[in-house]
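The structure appears below as structure tokens.
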Amino acid sequence: MAQSLRSFGGTLGTLVLTVGLLCGCADPGGLKVSGPAQSPSPGTAPVYVSEGAGLPALRRPEAFTATGTVRLTGLRWKSWGGATAEGTGKVGGTWCTPACAGKPYEARVTLGGLVRQERSAYYSRAVVDVDGLPAEQHEELRDLRLHVPKR
């Protein structure tokens, strides 16, 4: 029994010493982290734009209806899939009638507001720039809300 008490005492002593050393090494102010936070790595999920509920998701579309009154056609994308997508094309629709009824305007299109979902992502906003538009018409195209399907 004396042998087992000595063995227990030695084990207990080692445990107390180890805990003491570990606790003694800790900074009394707690853990401090410095430097910029790491950005999450960009997703590899495909990125889409949607014309509306029940309609198929589109990737790098050549044409799509951004809102009920704004139609984009002849689109050529310089970039797609990142935080923003940029392209050029034409804009028409009922928002500009009668001025553009027969001839849509040349436009620069920027999609943004990326909404990530489980296996995909969707652009939720569009900005359409058209040179030479009256200010009130230009403002109508500054922040278009795009449809994002429910998860």
In terms of hydrophobic clusters joined by side-chain contacts under 4.5 Å, are Val115 and Val109 together?
no

With heavy-atom distances below 4.5 Å as the criterion, would you say the side chains of Leu146 and Arg125 are in contact?
no

With side chain to side chain contact (heavy atoms under 4.5 Å, CB included) as the criterion, how do Leu141 and Leu133 come out once you've worked through the C-alpha distance, each side chain's angles and the decisive distance to 0.1 Å?
CA-CA 10 Å; Leu141 302 174; Leu133 272 185; 3.9 Å; yes

Which heavy-atom pair separates Thr94 from Gly68 by the least distance, and what is that distance?
OG1-O, 4.5 Å

Euclidean distance, Arg60 CZ relative to Trp77 CH2, rounded to 0.5 Å:
8.5 Å

Under a 4.5 Å cut-off applied to non-hydrogen side-chain atoms, are Val47 and Tyr122 in contact?
no

Linking I/L/V/M/F/W/Y whenever any side-chain heavy atoms sit under 4.5 Å apart, do Val91 and Leu58 land together?
yes

Applying side chain to side chain contact (heavy atoms under 4.5 Å, CB included) to Asp129 and Arg142, what does each step give before you reach the verdict?
CA-CA 7 Å; Asp129 287 312; Arg142 296 297 306 156; 2.5 Å; yes

For Val148 and Tyr123, what are the C-alpha separation, side-chain angles and deciding distance, and is it a side chain to side chain contact (heavy atoms under 4.5 Å, CB included)?
CA-CA 7 Å; Val148 175; Tyr123 290 114; over 6 Å; no

Could you tell me if the side chain of Thr88 sits less than 4.5 Å from the side chain of Lys78, heavy atoms only?
yes

Can you tell me if CD on Gln117 sees more than 12 non-hydrogen neighbours from other groups inside 6.0 Å?
yes

What distance do Thr67 atom OG1 and Trp95 atom CH2 have between them, rounded to the nearest 0.5 Å?
10.0 Å

Hey, does Tyr105 have a side-chain heavy atom less than 4.5 Å from the side chain of Asp131?
no

Supply the atom-to-atom distance Lys103 NZ to Cys96 SG, rounded to the nearest 0.5 angstrom.
12.5 Å

Show, in sequence, the C-alpha distance, side-chain angles and deciding distance for Thr73 and Lys90, and conclude whether the side chain to side chain contact (heavy atoms under 4.5 Å, CB included) test is met.
CA-CA 5 Å; Thr73 58; Lys90 296 181 185 280; 3.6 Å; yes

Can you tell if the side chain of Val127 reaches within under 4.5 Å of the side chain of Leu144, non-hydrogen atoms only?
no

With a 4.5 Å limit on heavy-atom distance, are the side chains of Leu72 and Thr65 in contact?
no

Is there side-chain contact between His147 and Val49, with heavy atoms separated by less than 4.5 Å?
no

Quick check: closest heavy atoms across Gly93 and Cys100, and the distance to 0.1 Å?
O-SG, 3.9 Å

Do Glu86 and Arg108 sit within salt-bridge range, that is, some charged N less than 4.0 Å from a carboxylate O?
no

Tyr48 side chain reached by Pro61 side chain, heavy atoms, under 4.5 Å:
no

In this structure, OG of Ser50 is separated from CZ of Phe64 (nearest 0.5 Å) by 9.5 Å

